[in-house]
Number of protein chains: 2
Amino acid sequence: MTSVGSERNLTIRDVAQRAGVSISTVSRVINGKKVRDELQVNVQRVLDEMNFRPSAVARSMVRGRTQTVGVLVEDISSSYYAEMIKGIERILERTGHHPLFKSSHWNLQLEEEALQVFLDHNVDAIVVVGGLISESRLQDLAARMPLVLVGRGGVSVNAPTINLDQRGGAYGATRHLIELGHRQIVHISGPLTQEDAVARRVGYQDAMHDHGLEVRPDWLCEGDFLETSAFRATMHLIENGTPFTAIFAGNDQMALGANLALHRKGLRVPDDVSVVGFDDLPVSAYVVPPLTTIRQPAQQVGELAAHAAVALMSGEPAQLAPLELKLIVRESTRAVRR
Amino acid sequence: MTSVGSERNLTIRDVAQRAGVSISTVSRVINGKKVRDELQVNVQRVLDEMNFRPSAVARSMVRGRTQTVGVLVEDISSSYYAEMIKGIERILERTGHHPLFKSSHWNLQLEEEALQVFLDHNVDAIVVVGGLISESRLQDLAARMPLVLVGRGGVSVNAPTINLDQRGGAYGATRHLIELGHRQIVHISGPLTQEDAVARRVGYQDAMHDHGLEVRPDWLCEGDFLETSAFRATMHLIENGTPFTAIFAGNDQMALGANLALHRKGLRVPDDVSVVGFDDLPVSAYVVPPLTTIRQPAQQVGELAAHAAVALMSGEPAQLAPLELKLIVRESTRAVRR
DNA sequence: ATACAAACTGAAAACGTTTTTTGCAAGTGG
DNA sequence: CCACTTGCAAAAAACGTTTTCAGTTTGTAT
């Protein structure tokens, strides 16, 4: 066999000529349509010999489908999205579709542009993860093509939506701390411009309230989901003498930032202060101390989204199994010292 | 203005009809070619009114270029590759190219398939990061289209190659430990099937040798670049009573695994054992204690690779600035106790 | 005024496939 | 033995653009 794909500019025409048949026949052989046995084997042999591969572009042109799926996330390289992408990749690989990833970096304009690129390239479906795009725009989109939403309110949009109960997860995290006897619990939230950040904050507030605990205003800090913001917030908290025995961070990255600040200030985790995160990043099980957190099954979310997209593309309704957030108790939390 | 892109199946023909001109003229207006002023504004108005966007597929068909770049990495969701991808995204975004990412998961067959997909889709350039593909195959590829290699020997391949001095970095990491007075230094390597893993191991060995230090066979452990493998290796080391005062891990993830094992066994970092990693993942600055490591400028590598690809596509030679690995001293290393 | 160049525009070809239509040969029933 | 169906391959149309080529108008110089 000649080296794989060692030529290009090979067209179905060349194959037809060499096999002494028409291009239609070659096309039929390629696509497994009915052809006289004798011709079939002959053409197939030539196909193999020439190592011919049909142009995906030309196919897309005539078929009107591209076998690609646009996937829009905030940031490909952020751990959480990366995990989700892995799940999407895994499923689409099996169905012969190709994901086309774009990052929007929490920027509405970039988001709109990415969507436009998807449209221009005639993707067969779009998966939108989070984002700032308006619901009406999404509704437009959903009306024109298969669309799957992940981690968005999207109640008004007529498209399958995968949502994890962020509020509930945060509630559980907070309750865990309360059950360990903590009363003075700080929450460092993500940027309140993001749905998830506020949902988690609400979960914290609800849990506190339901257990009859007052929330001091200075226990509510706003970060940006990155380590540094939580590091700073925690340093300030300590320097201001704000009393607290536990921190519930809006995500694991911020939990790590808080963790480091505590370390800097000579406070031990979990002996002096308990810390809970959110996400369960792959790394969270290996930091010292291993982080108690709320597991978001990011890969499963990705898989589910991909499945939904595939279903939609073949005209079937999407099946959405509800996914659960789970408290993973590790070693960054313990009963409050008395 | 009507809602963005609210129709499809719109073709240049519809625009031509509505504007009362030929499709050639519409095409010319779209592409900024010379057209009588009066027509130009008229057609442009219709274009805007109809919110027309030309089909990228049809364009690719006739132009023979797709404005896409295939990027093959081992695992999109692994932190290191994710960073690199971010760099690639950033550069290509500016030039109007669209990256098409594929993961090969250290699997030769998947790698070959991904390459085939790139070829089928007629990408304008390919970036191969690491991987198991043979050099001769790469040579074939390089002869046919713009190809950029990252983190591969690739000496025999006629394509721009971006390589970081893995051996040198490892040498520096080891020397750092030696200079701190460590004599009994363990190295946990990545899988020795990977070039980078062996290069780093060689760097370790060379540094030890150059400083007149014998390497005990049981100081050489082989992991798989994931946390767990290093965790286990370190546990065994301690349980077997192997003497050591420092660990140089083949990457940060394994450093974290080792770190946790030490913690489990009641050994303090850096007081009892010093730990050095490799990569400088975003998280490494925030773990406790912050990790001393070798910084690989992953994003810059990605940017450089993207620049090279862009240059190649426009027929220019690629400019390759050499990138440096840098020792980042944080708090996981200190002078050996005597 | 006429010839010729310049400037544009429209018609048509091309890109590489798939799919529809046409055409031909063989088979079948009366 | 003829009319009619069947089966299968070749020819042609189609997908939505860009680009080439030819044709038309306008302008200019003689």
Side-chain angles (χ1 to χ4, degrees), chain A residues 5 7-44 46-47 50-68 96 116-124, chain B residues 5 7-44 46-47 50-68 96 116-124:
Chain A
E7 303 94 11
R8 181 84 297 186
N9 308 338
L10 255 193
T11 85
I12 203 176
R13 206 156 250 108
D14 303 313
V15 180
Q17 188 168 5
R18 180 140 152 200
V21 298
S22 75
I23 61 169
S24 344
T25 301
V26 176
S27 173
R28 280 189 275 261
V29 171
I30 291 174
N31 295 292
K33 306 260 176 88
K34 241 184 133 47
V35 162
R36 183 152 43 98
D37 283 1
E38 178 194 340
L39 281 191
Q40 139 77 29
V41 310
N42 179 33
V43 171
Q44 187 60 58
V46 175
L47 240 23
M50 303 182 84
N51 217 291
F52 176 80
R53 312 230 40 190
S55 151
V57 176
R59 280 186 149 169
S60 299
M61 173 93 244
V62 56
R63 295 217 258 233
R65 277 168 299 113
T66 54
Q67 299 289 99
T68 59
Q116 207 46 271
V117 169
F118 292 158
L119 258 20
D120 291 350
H121 281 75
N122 202 18
V123 299
D124 296 340
Chain B
E7 303 95 11
R8 180 87 296 188
N9 310 338
L10 254 193
T11 85
I12 203 176
R13 204 157 252 108
D14 303 314
V15 180
Q17 188 169 7
R18 179 140 152 201
V21 298
S22 75
I23 61 169
S24 339
T25 301
V26 176
S27 173
R28 279 189 270 261
V29 170
I30 291 174
N31 295 292
K33 305 261 177 88
K34 242 186 134 45
V35 160
R36 184 152 43 100
D37 283 3
E38 178 193 341
L39 281 191
Q40 139 75 28
V41 310
N42 180 33
V43 171
Q44 187 59 57
V46 174
L47 240 22
M50 302 182 87
N51 217 289
F52 175 80
R53 309 231 41 190
S55 153
V57 177
R59 283 186 147 171
S60 300
M61 173 92 246
V62 56
R63 294 216 258 232
R65 277 169 298 114
T66 53
Q67 299 289 101
T68 59
Q116 207 47 270
V117 170
F118 290 159
L119 257 21
D120 291 351
H121 280 75
N122 200 19
V123 298
D124 295 341

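A, B, ... follow the sequence lines: proteins, then strands. Residue 1 opens every chain. Just so it is clear, the values below take in all heavy atoms, side chains as well, and ignore hydrogens, waters and symmetry mates.
Summarising the geometry, the separation between CD1 on Ile12(A) and C1' on dA10(D) is reported as 13 Å, rounded to the nearest angstrom. We find that CG of Asn42(A) is positioned 12 Å from P of dA9(D), with the value rounded to whole Å. Between Gln40(A) atom CD and dA9(D) atom P the separation is 10 Å, expressed in whole Å. With rounding to whole Å, Ile30(A) atom CD1 is found 14 Å from dG16(C) atom P. Residue Glu38(B) contributes atom CD, which lies 19 Å from atom P of dA7(C) at whole-angstrom precision.
With sequence neighbours excluded, no residue forms a side-chain hydrogen bond (donor to acceptor under 3.5 Å, both in side chains) with Ser60(A). Taking the side-chain hydrogen bond (donor to acceptor under 3.5 Å, both in side chains) definition, one finds that Arg36(A) meets it with Glu38(A), sequence neighbours left out.
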Polar pairs (N or O, both sides) under 3.5 Å between protein and nucleotides 22-25 of chain D?
none

Give me, pair by pair, the N or O atoms of the protein and of nucleotides 19-28 of chain C that are less than 3.5 Å apart, along with how far apart they are.
residue, atom, partner, partner atom, Å
dT19(C), OP2, Lys33(A), NZ, 3.1

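Side-chain atoms of Thr25(B) and Ser22(B) include a donor-acceptor pair closer than 3.5 Å.
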With a cut-off of 3.5 Å and sequence neighbours excluded, list every side-chain donor-acceptor pair involving residues 10-18 of chain A.
residue, atom, partner, partner atom, Å
Thr11(A), OG1, Arg13(A), N, 2.9
Asp14(A), OD2, Thr11(A), N, 2.8
Arg18(A), NH2, Glu49(A), OE1, 2.8

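When all heavy atoms of Gly96(B) and Gln67(B) are compared, the pair lying nearest together is O-NE2, 3.4 Å.
Comparing Ala58(B) and Lys34(B), the nucleotide of DNA chain C nearest to each residue sits closer to the 5' end for Lys34(B). Place Thr11(B) and Val35(A) on DNA chain D by their nearest nucleotides, and Val35(A) ends up nearer the 5' end. Nearest-nucleotide positions on DNA chain D for Ser22(A) and Arg59(B) put Ser22(A) closer to the 5' end.
Between Asp124(A) and Arg65(A), none of the side-chain N atoms (NZ, or NE/NH1/NH2) sits under 4.0 Å from a carboxylate O, so this pair counts as no salt bridge.
An angle of 60°, rounded to 10°, separates the two end axes of the helix from dA1(C)-dT30(D) to dG30(C)-dC1(D), each defined over five pairs.
When the nucleotides dG16(D), dT17(C), dG10(C) are ranked by their closest atom to the side chain of Thr25(B), dG10(C) comes out on top.
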